2 protein chains.
Amino acid sequence: MKNIFSFNYKTFGKMPDVFINVIKTSPLFIGASEKEIYSMLACLGSFAGKYEKNEAIFHANENITNVGLVLSGSLYLEREDYWGNRSLLLRVEKGELFGEIYACEPLLSTNISAISAEETVVLFMDVQRITTLCTSNCIYHSQLIHNLLSVLAKKAYMLTCKINHITKRTTRNKLLSYFSEQALLAGSSEFMIPFNRQELADFLSVNRSAMSAELSRMQSEGIITFCKNHIKLQKVDNPL
Amino acid sequence: MKNIFSFNYKTFGKMPDVFINVIKTSPLFIGASEKEIYSMLACLGSFAGKYEKNEAIFHANENITNVGLVLSGSLYLEREDYWGNRSLLLRVEKGELFGEIYACEPLLSTNISAISAEETVVLFMDVQRITTLCTSNCIYHSQLIHNLLSVLAKKAYMLTCKINHITKRTTRNKLLSYFSEQALLAGSSEFMIPFNRQELADFLSVNRSAMSAELSRMQSEGIITFCKNHIKLQKVDNPL
DNA sequence: AAAGATCTGTTGCAAATATAACAAAAGGTG
DNA sequence: CACCTTTTGTTATATTTGCAACAGATCTTT
């Protein structure tokens, strides 16, 4: 990790515009003015770090107190078990938060690792300063708490959605469950998935080659068509 | 559902002591005085409902605005798929909250149902009145928000723990993952589980009879001993 | 363009699982 | 106690998955 900038009253405003625009549209600061954002960043002791591909942003069992906001790039929240089987919990994209579970409840032992999927810049914030009233006069403070609640609720919701996928008993039904969610999100029967085959298999916790074979069967049966990461669901009577 | 009492300035203090004691130790009100609790309950438009066994407290796709607190009994958060396969997300015990995900983010469509596991009394509270500043003078208000954040973070944590169990590739490893978590929680190699066999299978999303057979194999191999819901992990070199 | 690395699809086989059917055990009720 | 219901364990079989190995495709690097 390479520390690229931090915020206090001296460095106020030293952040590139592309990053500010990400922060403005992030779920934590949505609706806040640029001035409010700078004020909050200083208040939250923010600093940013740059990571190469496949670098660990935090490890399982590490003590996390900062929430992370992806300013550019993307990362995986993942876990490796005793035998080295990787299980991919979530992919975190630009503009999204991660580590908020552990940052809000520092007593919880981290049970996952955060690994950069590409070159990635992360903004860290001390979330404890959000939940305890800050001494400086943050007009945006109560809104921030409200947004943090919203972020946590949505994260928990995403986790229950993921559980709904992987509790399906066959690889085909796991795939269809995930694909139909993605189609709903995209508002179209055609969509791109943010995973390659190995990552998708790790996300649905099935074997890659078995999943690849199942994808081919589904295509030959006319249930789906796919080309690399582009998936198209065909209309069939009862896919699920 | 049978409505048993609600709270406003008139009904102040009409709640049985056993229920007040549950509320006092609940994660939402922990540390609050009885007076503060009554004040908050009125502020949150609370009311309580009584449910028979196997009654639906809310259905999937229902719009949820209230968070629920189990005053007595217990319930399951579960989901049934197209073919009727039940998937048991979580068991919610006396003193625990449920529905907080949907109550905090009412735009999220409910993807699970809440079903009482036995005769159960639930206290409902309008959580939106927590996150927006209430007009009455609630001294405990900011503490309540802090507690709600904590509850959501812990719920998300529990969900990631559950994902860690069910992403294991074999029934044996799912069982061992769950059992070792329970042993850690109990602080002992012997512990009780809150599920019967069918419920445990639904929780780990495996077939009941296949799981039953696996439990027997594990016992015959000396990995565990069990009698009904009482499980004992044996010390072996490399159980996981 | 050539060489190397990575990703993807395919196949056969061993291992694990789902399913159904049944019997024994446990619990509840009159 | 007898009867009924629910829960649990057992078994056989068909289905599904994991695994390993390989070849073709795609992407990177020099």
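Proteins come first, then strands; the chains are lettered A, B, ... in the order of their sequence lines, and each starts at number 1. Small disclaimer: the values here were computed from a predicted structure and weren't measured.
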Atom-pair distance (CG on B:Leu204; P on C:dA18), nearest Å: 11 Å

Check against side chain to side chain contact (heavy atoms under 4.5 Å, CB included), B:Ile224 and B:Phe179: CA-CA 10 Å; B:Ile224 59 170; B:Phe179 286 167; 4.2 Å; yes

Atom pair distance, as rounded to whole Å: CZ in B:Arg172 and P in C:dA15: 14 Å

For the student: nearest non-hydrogen atoms of B:Asn3 and B:Ala48, plus distance: OD1-O, 3.1 Å

Side-chain H-bond candidate by donor/acceptor type, A:Gln219 with A:Thr225, under 3.5 Å: no

Reported CG-to-CD1 distance for the pair A:Leu175 and A:Ile223, which is rounded to 0.5 angstrom: 10.5 Å

Distance below 4.0 Å between A:Thr171 side-chain N/O and D:dT17 OP1 or OP2: yes

Atom pair distance, as rounded to whole Å: NZ in B:Lys168 and C1' in D:dG18: 16 Å

Estimated bend of the helix from C:dA1-D:dT30 to C:dG30-D:dC1 (axis per five terminal pairs, rounded to 10 degrees): 50°

Tabulate protein N/O versus nucleotide N/O from nucleotides 6-10 of chain D, keeping only pairs under 3.5 Å, one per line.
from   : atom 1 : to       : atom 2 : distance (Å)
D:dT8  : OP2    : B:Arg197 : N      : 2.8
D:dG9  : OP2    : B:Arg197 : NE     : 2.8
D:dG9  : OP2    : B:Ser212 : OG     : 3.0
D:dG9  : N7     : B:Arg208 : NH1    : 3.3
D:dG9  : O6     : B:Arg208 : NH2    : 3.2
D:dT10 : OP2    : B:Ser216 : OG     : 2.4

Rounded interatomic separation in angstrom, taking NZ from A:Lys174 and P from D:dT16: 13 Å

Rounded distance (Å) that lies between atom C1' of C:dA14 and atom CG of A:Asn207: 13 Å

Gap between atom NZ of A:Lys162 and atom CD1 of B:Ile163 - 0.5 Å precision: 5.5 Å

Distance, rounded to the nearest Å, where B:Asp202 contributes CG and C:dA18 contributes P: 11 Å

Validation row: A:Val122, A:Phe124 side chains within 4.5 angstrom (heavy atoms): yes

By salt bridge (charged side-chain N to carboxylate O under 4.0 Å, His left out) - contacts of B:Lys228 (at least two apart): none

Distance-only polar pair, side chains of A:Tyr102 and A:Glu62, donor-acceptor under 3.5 Å: no

Atom-pair distance (CE on A:Met218; P on D:dT16), nearest Å: 13 Å

No-hydrogen, no-angle side-chain donor-acceptor test under 3.5 Å, A:Ser113 and A:Arg79: no

Protein-nucleotide distance (B:Glu214, atom CD; C:dA15, atom P), rounded to Å: 14 Å

